[in-house]
Amino acid sequence: MRLFGTGTTEEQPERAEQNAEHPSAPIPVVGPGVGEGIRVALGDSGIQTFPLMLGAAEFGWNVDLETSHAILDRYVEFGGNAVHTADGFSGGRSEHIIGQWLRSRGLRDRTVLSVRVGSHADNPGLGSTNLVRAVEGSLTRLGVERIDVIYLDATLDRTASVEDALATVEWLRDAGKVGTIGAFGLSPEQLVEARILASAGYPRIEVVDEPYNLIRREAFEGDLRLVAGAQGLAVTPSHALEHGFLSGRHRSKAHVSRGVRGEQLRGHLNRRGTRILRALDQVAADVGAPVAAVSIAWLLARSSIVAPIVNTFATEHVDELMQGAGITLTRAQVAELTRVGN
């Protein structure tokens, strides 16, 4: 199934003749993207999001400003409305790029803006002072007054006080600087602690981000998934394509580039990785969609998963990824993909 297809090839010449207009005709008003009506609830936050968040980890690093804006434009053209970044992505350059795009396109009110804070070199961790400075820094770089979803990144300080972090976020929320609260890197035990604190009046965590995909499953498919399900948390897993491996584009170690990304990809080019790619190929052929879209569809078929976060570095990749929201896999297909990844 191709959610964003434009009909059969036989129909296209006929349509072209019908739609041909005089060169001096007025420029038509472009209507909403085909995915504009596809929205899912982000937990109990009240936010409605497209079931695929566009990640901006590559912006300012492997992708320049012009290409980054083209990727964002393409995502919105298809009806997407959720953009995710972090204060540590490219030292804050990712936020600068998104901020310039929001201003130039006038799309701030139509965009669900989520930011992971706690990993910037100037304000690391979730201590109260650094957390306030991190949010203020992100707001400045983005050129906005409010962050819709703030993910608390605990990876740099696993011993950070959850109570202190939530108390600080409460002040930031009362000041109108942040909205919904998410978590990244918090352990299941810390999430349980956070829920107990919420019952005592502290802000409630509504969203959790954990790297999760067909090939990286162990960390989420344990206590974390049980806690997320029990608390009704919306899960927005990052690394949905495992650095591009689950797009099916990388099949040989000889053709993988050098560097950190190349090493990550080479690490998956083993028997298990090959089995997973073959299973994805089969399902992709059955449903008539790209491998990357099937990888996204598998995630969306899992319990608690609301909107995977997907990074990309080319506009043509957006076309493939967005199809993942329009594919409904059968139970047999989901079971087979799950089995080969065990």
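Bear in mind the structure is a predicted one, so any value in this text is a computation, not a measurement. Along the sequence shown, residues carry numbers from 1.
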Determine, for [X] against [Y], whether the closest basic-nitrogen to carboxylate-oxygen distance falls under 4.0 angstrom.
| X | Y | answer |
| --- | --- | --- |
| Asp73 | Arg105 | yes |
| Glu136 | Lys177 | yes |
| Arg173 | Glu170 | no |
| Glu145 | Arg108 | no |
| Glu221 | Arg302 | yes |

Let me confirm one number: the [atom1]-[atom2] distance from [X] to [Y], rounded to the nearest 0.5 Å.
| X | Y | atom1 | atom2 | answer |
| --- | --- | --- | --- | --- |
| Leu214 | Leu280 | CG | CG | 5.5 Å |
| Glu242 | Asn213 | CD | CG | 4.5 Å |
| Leu299 | Thr236 | CG | OG1 | 11.0 Å |
| Leu142 | Ser94 | CG | OG | 8.0 Å |
| Asn342 | Glu218 | CG | CD | 11.5 Å |
| Leu191 | Ile196 | CG | CD1 | 11.5 Å |

Is there a donor-acceptor contact under 3.5 Å from the side chain of [X] to the main chain of [Y]?
| X | Y | value |
| --- | --- | --- |
| Asn311 | Ala57 | yes |
| Ser247 | Gly244 | yes |
| Asn123 | Leu131 | no |
| Asn81 | Gln48 | yes |
| Thr49 | Leu42 | no |
| His69 | Ile97 | yes |
| Ser161 | Asp164 | yes |
| Arg217 | Thr338 | yes |
| Arg158 | Gly185 | yes |
| Asp209 | Ser238 | yes |

Please check if [X] and [Y] belong to a single hydrophobic cluster, counting links between Ile, Leu, Val, Met, Phe, Trp and Tyr side chain heavy atoms closer than 4.5 Å.
| X | Y | answer |
| --- | --- | --- |
| Tyr212 | Ile205 | yes |
| Val340 | Phe245 | yes |
| Ile38 | Val294 | yes |
| Trp171 | Leu166 | yes |
| Leu224 | Ile215 | yes |

*Picking from Tyr151, Phe184, Phe59, what satisfies ring pair (Phe, Tyr, Trp, His ring centres under 6.0 Å) with His84?*
Tyr151
Taking all atoms of both residues into account, what is the closest heavy-atom pair of [X] and [Y], and its distance?
| X | Y | value |
| --- | --- | --- |
| Leu300 | Ala325 | CD1-CA, 4.1 Å |
| Ser295 | Leu246 | OG-O, 2.8 Å |
| Arg272 | Gly341 | NH2-O, 2.6 Å |
| Asn130 | Pro124 | ND2-O, 2.8 Å |
| Met53 | Ala307 | CG-CB, 4.1 Å |

*Enumerate the residue pairs fulfilling salt bridge (Lys or Arg N to Asp or Glu O under 4.0 Å) with a member in residues 180-196, sequence neighbours excluded, ordered by first and then second residue.*
none
*Using a 4.5 Å cut-off on heavy atoms from C-beta on, say whether the side chain of Leu321 contacts that of Leu241.*
yes
*Side-chain contact, heavy-atom cut-off 4.5 Å: Arg146 with Asp148?*
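The answer is yes, as the side chains (C-beta and beyond) meet within the 4.5 Å cut-off.
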*asked:* What verdict does the side chain to side chain contact (heavy atoms under 4.5 Å, CB included) test give for His243 and His239, after you've listed the backbone C-alpha separation in whole Å, the side-chain angles of each residue and the deciding distance to 0.1 Å?
replied: CA-CA 6 Å; His243 307 294; His239 297 288; 3.4 Å; yes
*Evaluate the side chain to side chain contact (heavy atoms under 4.5 Å, CB included) criterion for residues Val207 and Ile181: first the C-alpha distance (whole Å), next the side-chain angles of each, then the deciding distance (0.1 Å), finally the verdict.*
CA-CA 7 Å; Val207 191; Ile181 305 170; over 6 Å; no
_Using side chain to side chain contact (heavy atoms under 4.5 Å, CB included), reason through Trp101 and Leu107 one step at a time and then give a plain yes or no._
CA-CA 8 Å; Trp101 177 78; Leu107 291 173; 3.6 Å; yes
*Would you please classify the geometry between the Tyr75 ring and the Phe50 ring as parallel, tilted or perpendicular, with 30° and 60° separating the classes?*
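If you compare the ring of Phe50 with that of Tyr75, the planes turn out perpendicular.
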*Could you walk me through whether Thr312 and Leu54 pass the side chain to side chain contact (heavy atoms under 4.5 Å, CB included) check?*
CA-CA 8 Å; Thr312 185; Leu54 184 66; 4.0 Å; yes
